[in-house]
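Note: hydrogens, waters and symmetry copies are ignored here, and every other heavy atom, side chains too, is used. Worth saying up front: this structure is predicted, and the values here are computed from it rather than measured. The sequence lines fix the lettering, A, B, ..., with proteins before strands; numbering per chain opens at 1.
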Amino acid sequence: MSGDQLHNDSQIEADFRANDSHKHKDKHKDREHRHKEHKKDKEKDREKSKHSNSEHKDSSEKKHKEKEKTKHKDGSSEKHKDKHKDRDKEKRKEEKSKSSGDVKIKKEKENGFSSPPRIKDEPDDDGYYASPKEDSKPLKRPREEDDDEYKPKKIKTEDIKKSKKRKQEEEEDNKAKKTKSKDKKVPEGDNKKKKQKKEEEQKWKWWEEERYPEGIKWKFLEHKGPVFAPPYEPLPENVKFYYDGKVMKLSPKAEEVATFFAKMLDHEYTTKDIFRKNFFKDWRKEMTSEEKSTITNLNKCDFSQMSQYFKAQSEARKQMSKEEKQKIKEENERLLKEYGFCIMDNHKERIANFKIEPPGLFRGRGNHPKMGMLKRRIMPEDIIINCSKDSKVPPPPPGHKWKEVRHDNKVTWLVSWTENIQGSIKYIMLNPSSRIKGEKDWQKYETARRLKKCVDKIRNQYREDWKSKEMKVRQRAVALYFIDKLALRAGNEKEEGETADTVGCCSLRVEHINLHPELDGQEYMVEFDFLGKDSIRYYNKVPVEKRVFKNLQLFMENKQPEDDLFDRLNTSILNKHLQDLMEGLTAKVFRTYNASITLQQQLKELTTPDENIPAKILSYNRANRAVAILCNHQRAPPKTFEKSMMNLQTKIDAKKDQLADARRELKSAKADAKVRRDEKSKKTVESKKKAVQRIEEQLMKLEVQATDREENKQIALGTSKLNYLDPRISVAWCKKWGIPVEKIYNKTQREKFAWAIDMADEDYEF
DNA sequence: GTGGTTACTTAGTACTCCATTA
DNA sequence: TAATGGAGTACTAAGTAACCAC
């Protein structure tokens, strides 16, 4: 399988280049299917071995057994069926690997196996050092996760004073708030005071305060509960639904579900078999028995009038008058004000998602087996409220009650409910700008920085483990190598048939890699091709070390394409091992670490001191892009991409013409001044010169913009910026080069990273 | 070791709003 | 003044990983 190398960015190491996926997703379908069949077989086998004496041995299983026997011609039909149970096979295999491995290792030694090249270029100083700033400001100490039983540390007296003062202020603030909440209605007049207060709130520097002991997330929590989806509004009489060419009036319930489908009619989803099948099955559940007996074929349903009605409605919404739009906006603001905030430990904090997800049709990503199923309406009776005992419990809507009210301060969520598609729990939590999220974020980067201190040791260790006699250890070491080198996700096991068939490192299957002893002039190439999170394709050709290559060959021996590559490994085994190497270390820390260290290196490499601000920002974006490529953060190219690119090019051409004109004018002005030699003409020359300069700058800006946009066509920068890059690296870079931080982070991002903006100075080192 | 549950982070896309341009 | 386009936001799916009982 070959994919076209898409990201042709000279700045980025070829190793890290992942290929485009969106166009190729379909290619995987076939394979997925095959895999599913296979897995089903496997599952059955598992069941069988579990209840070996059970009465479940039906004919299909027998058939399957026979099938399996023919599959594995070497007679080892039970091989690879089960990861953890088949000890005999394991032994046999290990013996085999031992003998062949020994030979191989010897051979390598004879070949003069030299220490492998470094996985990633890293700054020469291997040791970690805290930034001088942190040394001088113990208050902003990087938090170590290892201080398990955290006791608020005594910090500089000065700072204690500060914090005490702040606390006093807060207490006063809180008192005021409490009295306020008692007599609720506050005259609209005190806007100024309110504003001031708001600003104070925004300026709250939680990162300078003491933390709670491990496990405790808050001491006081009060909120207004969730906002429910608006009730269903039946369609007007003139909007008809037709079945088999005849008008049919649907019951409200059936009609509501029908409108969900009608609203999606233009989407490709509604043409997919699984989607239609799932939808129809769930829709029928909502029908009256009469409807059920009439409506038996989705193909005979005509939703077109409904669809047109909704299109007209959305058109009308766009055409609304200013006043109407303003009214809606005000209503939304009112809702936000009332339900969008909570009080957590004396501070008003913004809630991220205070609105309950409305009912609709489930749209999974990729080839999701449950697409089209009905996401049912969430009622107060489904809702668990979490708040503190001494808070005012939010009242349920009239005539309803909550499923439960609990007071659990070991968790951060305010509201939860169980969703009906996967049976998973959904939560209402706080905004990223909140203390509770910020602290966690900060902690995450501190863990990644701790990894920096010991990453060399860990790398040496897994290199050693490639030679281990134990298959499990070898697999673990190779997997870890991939996670480290390629920033792959851990790859938890997933329930079969419940989700799209996607994989991560530990769940890679034989069919996801191709080994090439030589490819494109390089030795020991591994070609990856699989669907990762969100069914985004990961395609990459990577040269690996010989020992890794040989190990992979070994892991793949006698396996079917649908078999697990790392059959002795899962994420929990891997993470347990990582925990032993460093406290708090998990597979995902490697992604954070490698993303952040890459940004820091790339910024160092790409920033040229004498460049102007737009050029520096281009460099920043390129560094950011290198990370996004490493992490395989892709996006569908914007629908208007080609057009907007063309428009930009037109602008550039026009600017070029304008520049040529200005230069001509400058030339003639110069000639004129030479002849006249008066003040006026000199001034004209000066002003023409300035004009040329101005236009040159404008042109340059446009060109930079064009480059940036082109390079960004299929790469999403946001995800890494928000989740993987230690914001202090960016802040330090801004401070070092005099770039306003607003150029890198928008308002929301600045709120999220307020802690970093406040604490990092220009010589911060990750 | 496994399977189930829970809590939380990470992810891409659809929509909205607002500034700029024709 | 309407159209356009891009930045920012809202939404919610899909991951990771810890914990617990057996």
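For A/Lys311 and A/Glu315, the salt-bridge test fails: no basic side-chain N is under 4.0 Å from an acidic carboxylate O. Between A/Glu330 and A/Lys327, none of the side-chain N atoms (NZ, or NE/NH1/NH2) sits under 4.0 Å from a carboxylate O, so this pair counts as no salt bridge. Electrostatic pairing of A/Arg728 and A/Glu446 counts as a salt bridge here, judged by a charged N lying under 4.0 Å from a carboxylate O.
Closest to the side chain of A/Ala716, out of B/dT9, C/dA13, B/dG12, is B/dG12. Checking C/dG8, C/dT12, B/dG12 against the side-chain heavy atoms of A/Pro358 singles out C/dT12 as nearest.
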Go along nucleotides 14-22 of chain C 5' to 3' and tag each nucleotide: B for a protein heavy atom under 4.0 Å from its base, S when only backbone or sugar atoms are that close, - otherwise.
BSBBS----

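Atom NZ of A/Lys217 and atom P of B/dT6 are 16 Å apart (whole Å).
Both key distances under 3.5 Å define a Watson-Crick or G-U pair, and stretches of 3 or more such consecutive pairs in DNA chain C run B:1-22 with C:1-22.
Remark: the backbone N or O of A/Ala487 is not paired with any side-chain donor or acceptor of A/Asn594 at under 3.5 angstrom.
For the residue pair A/Ser535 and A/Asn367, the shortest heavy atom distance occurs at OG-N, 4.2 Å.
Using a 4.0 Å heavy-atom distance criterion, A/Lys370 is classed as making no nucleic acid contact.
Counting non-hydrogen atoms of neighbouring residues, nucleotides and ligands closer than 6.0 angstrom, the CD atom of A/Glu268 reaches no more than 12 such neighbours.
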